[in-house]
Amino acid sequence: MKTAIKQIIHDALEKARQAGELELSSFPEIVVEKPKDEKMGDFSTNIAMTLARSERKSPKVIAESVARHLENGELSQAVVAGPGFINIKMSREFFLERLRNVVTQGEDFGKSDAGQGIKILIEFVSANPTGPLHVGHGRGAAVGDALARILKKAGYDLSSEYYINDVGNQMNFLGRSTWLRYRELMGEAIEFPDNHYRGDYIKGIASEIIDQKGDEFLNKPEEDCIPFFRKFAKDNILKGIEKDLSEFRVSFDNWFSEESLYEDKSVEKAVDWLRSQGHVYEKDGAVWLKSSAFDDDKDRVIVKQTGERTYFCSDIAYHQNKIKRGFKKIINLMGADHHGYVPRMEAVLEAMGYDKKIFKILLVQFVSLLRAGEKVSMSTRSGEFETLADVVSEVGVDAARYFFLMRSSDTHLDFDLELAKKETPDNPVFYIQYAHARICSIFRAAEEKGVLYDRSVDLSPLRDDEEFAIIQAILAFPEIVEKSARALEVHRISHYLLDLVSRFHGYYSRHRVISDDELLTQARLFLLDALRITIRNGFELMGISSPEKM
RNA sequence: GCGCCCAUGGCUCAGCUGGAUAGAGCGACGGUUUGCGGAACCGUAGGUCGCAGGUUCGAGUCCUGCUGGGCGCACCA
């Protein structure tokens, strides 16, 4: 919608230039926004202010000149206001024509080619397969998955990926923890080490092994047991993670195993290559990457004294692999507690000769669960739940996703469990879903009354200001999606939907949709159809359902 | 000590690449219902945008310093 306005302004600038009123050695970028107050107009531009300096004229004079040349069949008024804003009103036809398009596009409404098919990889969650997903992972999962949906909608060629840390020390601890619990369950007295995984789920896995294998491992030496226990526990936990995610409506295009990078020698090759470039040196029996040469605080060990590779080392190979797969932009979501990791990853990319701008790490801040205003303890020890699956089973997928997505991801999130469950307008998910259900209900009522709804209906009976405010809000949706994609900010969608829907609730309470005026009824049904489509499409981007009845 | 993030009405938060009189929701107070879902709507009160400088025609937004809070500074991830 705004691109049309930009074009009109552009034409006016051109005319002003031809008339000798403006120099315009270069055309500035035209910014179109909504005026502060809707009464001032449909759109406004500050173009005169940005031109003031280069034109050496006051913004007011420039604005007057541009406004004079603003003419277009679809434009109804252009006035200069304030320090030099040009406020523009468009004709009703301008909006109605575009509204018609919304219904024609249906579920495609909101799509754009802003991304120009650029290949993007987004990696998120990537929790170690050493335990179930907790609430923090849930936020990352919701944000990552929604971003993936948004970026696709905005025309990027997007792939999503989960990186599985399935090798290394953590896996050994996992295997050993399971093995110890196994022996314990078989009746041995075990002193369980503090640095092992103590969660109850380990006992569950151990007892599954007992079910399948009995006492087979009881009298074997540790070395002979660990590989089996490690793999069994990992597979079991990973299956659980996949299940939790899929129930949370989060899916990945690819699950990438760290182990595969060792199997195909990628890690070895990456280290050799870095060494050949002189980015690597040996000290204290370990191999170090000179990351400090690329703005990291210090150099980082990639091969330990023991000969084991660090996780950072395989991450190098992993990110090299991502780039080699042709991704032009690589997005990683991480918990904010890992932010110290950012400079060293950027250093790696620079060391490999890539522009670090292709790499974007999004830090997702912490989640505090609140129950009745009190913070729920997040410690593993406490009886209070903290896993994603528990939260989802309490409040449902829709509410959980909405709450994770309602705030900018770089601020801490207070997740109020009681509020999430409420079926009142305080709860934004229900408020929005209710609007959708209400619209569907109106359509049901119309059908009962025998009102014919047909998409080719004449829209000219729509003339109320409130109706046009809603239409404009609907038509802004593709721009919201684009901005959300560009800024990688999901919360804009939820704020947008809330605003959109509150306009509808107000409108609904003041106007009857179904009336004796058949033409008006049909036109209003059309408007509601477009609105319903917009709500659905917006919720779809957030992975939230749009129920027809509640 | 060093680094990253945050700071906007009583509470939770928006504020798009700096733009017009800083906006919502909750809570508080007061209203609204013969009709399509009251699971809703309308109104009132409430803010030195943490503090101090700076850049700019213009700063909640950018820069510097400070204060307060969160997080991180491993041959752990």
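Every chain is numbered from 1 and lettered A, B, ... according to where its sequence line falls, protein lines coming before strand lines.
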From the candidates B/A39, B/C4, B/C76, the one with an atom nearest any side-chain atom of A/Lys304 is B/C76
Separation of A/His491 atom NE2 from B/U12 atom P, in whole Å?
-> 17 Å
Distance check: side-chain N/O of A/His338 vs OP1/OP2 of B/C4, anything under 4.0 Å?
-> no
The nucleotide from B/C71, B/G19, B/G37 with an atom nearest the side chain of A/Met49 is B/G19
In Watson-Crick or G-U wobble terms, with both distances under 3.5 Å, the base opposite B/C36 is none
Earlier contact from the 5' end, RNA chain B, for A/Ala286 and A/Ser408 | A/Ser408
Minimum-distance nucleotide to A/Gln305 side chain [options: B/G3, B/C75, B/G38] = B/C75
Among the nucleotides B/C41, B/A14, B/C76, which one has an atom lying closest to any side-chain atom of A/His505?
-> B/C41
For the pair made of NZ in A/Lys449 and C1' in B/G37, what is the distance, rounded to whole Å?
-> 13 Å
Report yes if the distance between the aromatic ring centroids of A/Phe477 and A/Tyr496 is under 6.0 Å, otherwise no.
-> yes
For A/Arg512 and B/C36, give me the distance from atom CZ to atom P, rounded to whole Å.
-> 6 Å
Considering only side-chain heavy atoms of A/Ile514, which listed nucleotide, B/C5, B/G37, B/C36, is closest?
-> B/C36
Do A/Ile439 and A/Phe504 have side-chain heavy atoms sitting under 4.5 Å apart?
-> yes
Would you kindly check whether a donor in the side chain of A/Asn46 faces an acceptor in the base of B/G19, or vice versa, at under 3.5 angstrom?
-> yes
Side chain A/Asn87 and base B/A20 donor-acceptor under 3.5 Å | yes
Taking side chain as C-beta onward, heavy atoms only, is A/Arg176 less than 4.5 Å from A/Pro193?
-> yes
Kindly confirm whether the side-chain ring of A/Phe85 is stacked on the base of B/A20, judged by centres under 5.5 Å and planes under 30°.
-> yes
Are A/Phe256 and A/Tyr318 an aromatic pair by the rule of ring centers under 6.0 Å?
-> yes
A/Phe359 and A/His319 aromatic centres sub-6.0 Å = yes
Let me know the distance between CZ of A/Arg503 and C1' of B/C42, rounded to the nearest Å.
-> 16 Å
What is the pairing partner of B/U64, taking Watson-Crick or G-U wobble pairs with both distances under 3.5 Å in any strand?
-> B/A52
Per atom distances to the A/Ile442 side chain, the nearest of B/C41, B/G37, B/C76 is B/G37
B/G70 P sits how many Å from A/Asp414 CG, rounded?
-> 14 Å
Let me know, please, whether A/Tyr508 or A/Met406 comes out on the 5' side of the other along RNA chain B by nearest nucleotide.
-> A/Met406
May I ask which nucleotide in the shown strands pairs with B/G10, Watson-Crick or G-U wobble, both distances under 3.5 Å?
-> B/C26
Using Watson-Crick or G-U wobble geometry with both distances below 3.5 Å, tell me the partner of B/C71, or none.
-> B/G3
